[in-house]
Amino acid sequence: FALISLSDYIIPFFTDNSKTDDATKVTPGVISSTEVTDYENSFKILFTGDSILLEDQVRNAYDGSSYDFSDMFEYTTSYISDADLAIGILEGPLGGEEIGFTTSNYADGKSLYLNFPDEFAVAIKDAGFDVVSLSNNHLCDKGIDAAIRTQDVLDDIGLNYVGAYRNSEDKANNNVEIIEQDGIRIAILSYPYGFNYYTDDDLFGGEVSYLSSFLTAPDNSMFETVKAGVIE
């Protein structure tokens with residue numbers, strides 16, 4: 001199980017070759033054959049940030065009868081698929097077309113409520129992602145039913161997810177997500193700081209408290225409780 005740091009690639013560009021002889025000069029941007037072997041033989045985990053659709057992205061993917069988001073991953077699929085475990089963030093719900101898809105493009109004066117076509121999840125899976133995290137502030141943009149439907153859609157297409165639950169019992173039994181890949185068991189802890197349009201009372205003991213596990217700031221009255229939960 002090996003880790004290749006970005007510094008292995010970045011440092012050579014800043015190496016002062018003027019003080020070394022030709023035999024010891026570093027070739028910029030090239031890692032050693034040993035490092036290449038270590039990398040190829042390691043278990044490679046890839047993390048990405050938000051997979052998100054704004055209003056125009058949804059509209060542009062529509063061909064008159066269905067949605068196609070495959071071109072969004074055209075230049076990254078080879079890198080995602082190369083990882084042994086690729087983890088992304090599904091930054092919003094799959095709540096169904098009948099409740100309306102994403103309503104804004106940011107800074108356009110409209111309220112932002114995210115909601116993605118189911119085809120977006122298929123495109124994410126086809127790009128090579130093994131797991132998506134649902135623990136983000138947009139999961140409940142379209143309400144509780146949409147958040148739960150998101151889990152149903154991912155189950156139906158066979159894309160693993162962490163950071164969301166259907167009920168209190170589900171949360172209690174699966175609070176620490178264990179992903180097994182190639183015989184290696186990996187625990188993933190996944191927390192949002194909250195849900196848009198919901199208060200702390202909703203998050204801690206309220207109507208959406210079971211949907212995820214939440215973090216909070218040190219000056220919040222729930223901080224010590226949250227901290228204890230993370231440590232446990």
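Ile178 and Ile184 are members of different hydrophobic clusters when ILVMFWY side chains are connected at heavy-atom separations under 4.5 Å. Both Leu114 and Leu159 sit in one connected hydrophobic cluster of ILVMFWY residues. Membership requires side-chain heavy atoms under 4.5 Å apart, directly or through other members. Both Tyr191 and Tyr210 sit in one connected hydrophobic cluster of ILVMFWY residues. Membership requires side-chain heavy atoms under 4.5 Å apart, directly or through other members. Cluster membership check: Ile144 does not share its hydrophobic cluster with Tyr113, using side-chain heavy-atom separations under 4.5 Å among Ile, Leu, Val, Met, Phe, Trp and Tyr. Under the 4.5 Å side-chain heavy-atom criterion for grouping Ile, Leu, Val, Met, Phe, Trp and Tyr, Tyr193 is not connected to Tyr198 through any hydrophobic cluster.
We find the CD1-CG distance between Ile157 and Asp152 to be 12.0 Å, quoted to the nearest 0.5 Å. Tyr161 contributes atom OH, which lies 8.0 Å from atom CD of Glu177 (distance to the nearest 0.5 angstrom). Thr150 contributes atom OG1, which lies 8.5 Å from atom CG of Asp118 (distance to the nearest 0.5 angstrom). Residue Asp82 holds its CG atom at 12.5 Å from OG1 of Thr76, rounded to the nearest 0.5 Å. In this structure, Thr216 OG1 and Glu224 CD are separated by 11.0 Å, a value rounded to the nearest 0.5 Å. Taking CZ from Phe47 and CD1 from Ile89, the interatomic distance works out to 10.0 Å, rounded to the nearest 0.5 Å.
Panel note: side chain Ser104, backbone Tyr106; a donor-acceptor pair is recorded below 3.5 Å.
Counting heavy atoms from C-beta on, the side chains of Phe195 and Asp202 never come closer than 4.5 Å. Proximity of Leu90 to Phe129: side-chain heavy atoms (C-beta onward) are nowhere separated by under 4.5 Å. Put simply, the side chain of Leu189 does not reach to within 4.5 Å of the side chain of Ser213, judged on heavy atoms. Counting heavy atoms from C-beta outward, Leu154 and Leu134 have side chains that approach closer than 4.5 Å. In this structure the side chain of Val162 reaches within 4.5 angstrom of the side chain of Ile179, judged on heavy atoms. Side-chain contact between Phe214 and Val226: absent, with no pair of heavy atoms (C-beta onward) separated by less than 4.5 Å. Phe69 places none of its side-chain heavy atoms less than 4.5 Å from the side chain of Val122. Side-chain contact between Pro192 and Asn137 is absent, with no heavy-atom pair separated by less than 4.5 Å.
Side chains of Asn136 and Asp50: no donor on one and acceptor on the other come within 3.5 Å. Asp63 and Ser65 are linked by a side-chain donor-acceptor pair at a separation below 3.5 angstrom, with hydrogens and angles left out of the test. Between Asp126 and Ser70, the side chains place no donor N or O within less than 3.5 Å of an acceptor N or O (distance only, hydrogens not considered).
Enclosure of atom CG in Asp145 is not indicated, since only 12 or fewer non-hydrogen atoms of other residues, nucleotides or ligands lie within 6.0 angstrom. Counting heavy-atom neighbours within 6.0 Å of Lys110 NZ, excluding the residue itself, gives a total above 12. No more than 12 heavy atoms of other residues, nucleotides or ligands sit less than 6.0 Å from atom OH of Tyr79. At most 12 heavy atoms of other shown residues, nucleotides or ligands fall within 6.0 angstrom of atom CD in Glu169.
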Are Glu119 and Asp68 close enough, and set up right, to give a side-chain contact (heavy atoms from CB on, under 4.5 Å), and what steps lead you there?
CA-CA 7 Å; Glu119 290 90 339; Asp68 183 2; over 6 Å; no

Taking it one step at a time, do Ser133 and Ser135 satisfy side-chain hydrogen bond (donor to acceptor under 3.5 Å, both in side chains)?
CA-CA 6 Å; Ser133 171; Ser135 60; 2.9 Å; yes

side-chain contact (heavy atoms from CB on, under 4.5 Å) for Leu112 and Asn196? Distances and angles first, verdict last.
CA-CA 10 Å; Leu112 177 62; Asn196 297 336; over 6 Å; no

What verdict does the side-chain contact (heavy atoms from CB on, under 4.5 Å) test give for Leu94 and Arg149, after you've listed the backbone C-alpha separation in whole Å, the side-chain angles of each residue and the deciding distance to 0.1 Å?
CA-CA 7 Å; Leu94 306 164; Arg149 184 184 183 278; 4.3 Å; yes

Take Met222 and Asp200 through the side-chain contact (heavy atoms from CB on, under 4.5 Å) test and state the conclusion after the steps.
CA-CA 9 Å; Met222 290 298 298; Asp200 279 356; over 6 Å; no

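Only one option out of Asp130, Leu46, Ile188 pairs with Ile87 in a side chain to side chain contact (heavy atoms under 4.5 Å, CB included); it is Ile188. For the ring pair (Phe, Tyr, Trp, His ring centres under 6.0 Å) with Phe101, the qualifying choice from Phe120, Phe116, Tyr62, Tyr67 is Tyr67, the only one to do so.
Taking both residues in full, the closest heavy atoms of Ile52 and Met72 are given as O-CE, 4.3 Å, listed atom of the first, atom of the second, then distance. Taking every heavy atom of both residues into account, Asp170 and Asn174 meet most closely at OD1-ND2, 2.8 Å. Between Val58 and Pro117, the closest heavy-atom pair is CG1-CG, 4.1 Å. Considering all non-hydrogen atoms of both residues, Asn105 and Glu55 come closest at OD1-N, 3.3 Å. Of all heavy-atom pairs between Leu139 and Pro93, the closest is O-CB, 3.5 Å. The shortest heavy-atom contact between Val208 and Cys140 is CG1-SG, 4.3 Å.
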